[in-house]
Amino acid sequence: MATFALAVLLPGPLAAGATLRPVVTLTAPVVRLSDLWDDAGPDAAKVLGPGPGPGGRIVVEAAQLAAIARQFHVDWHPTSSADRSVLDRAGRPLRREDALAALREALIGAGAGADCEIELAGFAPPLVPPEVKAQTLVEQLDYDSTTGRFAALLAVEAEGMNPVHLRLSGHADEFTTLPVATRRLGAGTVLQPEDLRMGRVRTSSVKGEVVQSAGQAVGMALGSPVLAGQPLPLAGLAHPPMIEKGALVTLVLEGAGIALSAQGVALESGSEGARIQVLN
């Protein structure tokens, strides 16, 4: 409950028939005489003191109301000690987008990627006046570029409210665009254009060298399975075998003035240029 510090004014004309307003929603950061009574007289616009913050409340009890009425010559007297006026100040939660915009600007300044995705842990927005735009600014920032974790102090200011400071923490994930599998691909799959699409991948999840363009992968065979949405390890690609294990092959021996050929069976698969064992 708050009280008003009132200045002593010279007597003025008495306002007749003032009606107490028991519940009032304030739209300004101050309390005026007209917020307490209808027909408060010539001093109705007089500022009595600061109002509550956004989402706050002031309760003016009968004794204080009577004192204010006498001070400002309002024709009103309490009918009982239960008379009161409840003054509520409207408020709205700070938009999450406003906090994220300030965080993104600060994180980029600290070296984070411009397209990083920010995750906030337990964001509890303060209330701000609904009729004005709140200004947000990161005053302190601790950012670990290796892990992406951050801790920040966010200042929130708006006309008609005292500045609010909010501690925030979370994680900033950096992304890169790479070819990824459109479905689960098994080992030995010879990659076709429809097996790949461009997708956003967390930089922290990319291990080792991976395929950077579809042209590096199409026509190559996978050495190990790849899950849908995952990038393709460059070291796991190989040219598809020209000879499959168990296939019939022709053995050719050529020398000076002689050429011999015979049938054989491939004991292992092999791609172009590879050496494999063959059974005659």
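This is a predicted model, so every value here is computed, not measured.
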Does any non-hydrogen side-chain atom of [Y] lie less than 4.5 Å from one of [X]?
X    : Y    : result
L237 : L222 : yes
L48  : L36  : yes
E61  : S81  : no
P54  : R92  : no
M220 : V190 : no
R197 : P179 : no
L191 : L185 : yes
L87  : V60  : yes

Where the side chain of [X] meets the backbone of [Y], is there a donor-acceptor pair that is under 3.5 Å apart?
X    : Y    : answer
R104 : C116 : yes
R32  : A45  : yes
E105 : A102 : no

May I have the list of side-chain donor-acceptor pairs in residues 118-139 shorter than 3.5 Å, sequence neighbours left out?
unit_1 : atom_1 : unit_2 : atom_2 : d
E119   : OE2    : R202   : NH2    : 3.4
T136   : OG1    : D98    : O      : 3.1
E139   : OE1    : H165   : NE2    : 3.2

On a heavy-atom basis, which atom in [X] and which in [Y] lie closest, and how many Å separate them?
X    : Y    : result
T182 : E194 : OG1-O, 3.1 Å
G51  : V31  : CA-CG2, 3.8 Å
I58  : P52  : CD1-CD, 3.6 Å
W37  : A40  : O-CB, 3.9 Å
P231 : V180 : N-CG1, 3.9 Å
V226 : A181 : CG1-CB, 4.0 Å

- prompt: Partners of D142 by side chain to side chain donor-acceptor pair (under 3.5 Å), sequence neighbours excluded?
  reply: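 Expected list: none.
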
Path from [X] to [Y] over hydrophobic side-chain contacts below 4.5 Å:
X    : Y    : answer
V164 : L94  : yes
L253 : I258 : yes
L26  : M161 : no
L141 : L168 : yes
V74  : V24  : yes

- prompt: Going through the checks in order, is the side-chain contact (heavy atoms from CB on, under 4.5 Å) test met by L33 and I68?
  reply: CA-CA 9 Å; L33 198 64; I68 295 171; 3.8 Å; yes

Supply the atom-to-atom distance [X] [atom1] to [Y] [atom2], rounded to the nearest 0.5 angstrom.
X    : Y    : atom1 : atom2 : answer
E174 : D115 : CD    : CG    : 7.5 Å
R184 : T189 : CZ    : OG1   : 9.0 Å
H77  : L20  : NE2   : CG    : 13.0 Å
E254 : S261 : CD    : OG    : 9.5 Å
T27  : D35  : OG1   : CG    : 7.5 Å
I108 : Y143 : CD1   : OH    : 10.0 Å

For [X], does the [atom1] atom sit with more than 12 other heavy atoms under 6.0 Å from it, leaving out its own atoms?
X    : atom1 : result
E209 : CD    : no
N162 : CG    : no
R96  : CZ    : yes

message: For V210 and L232: C-alpha separation, side-chain torsions, deciding distance, then whether side-chain contact (heavy atoms from CB on, under 4.5 Å) applies.
response: CA-CA 5 Å; V210 296; L232 285 66; over 6 Å; no

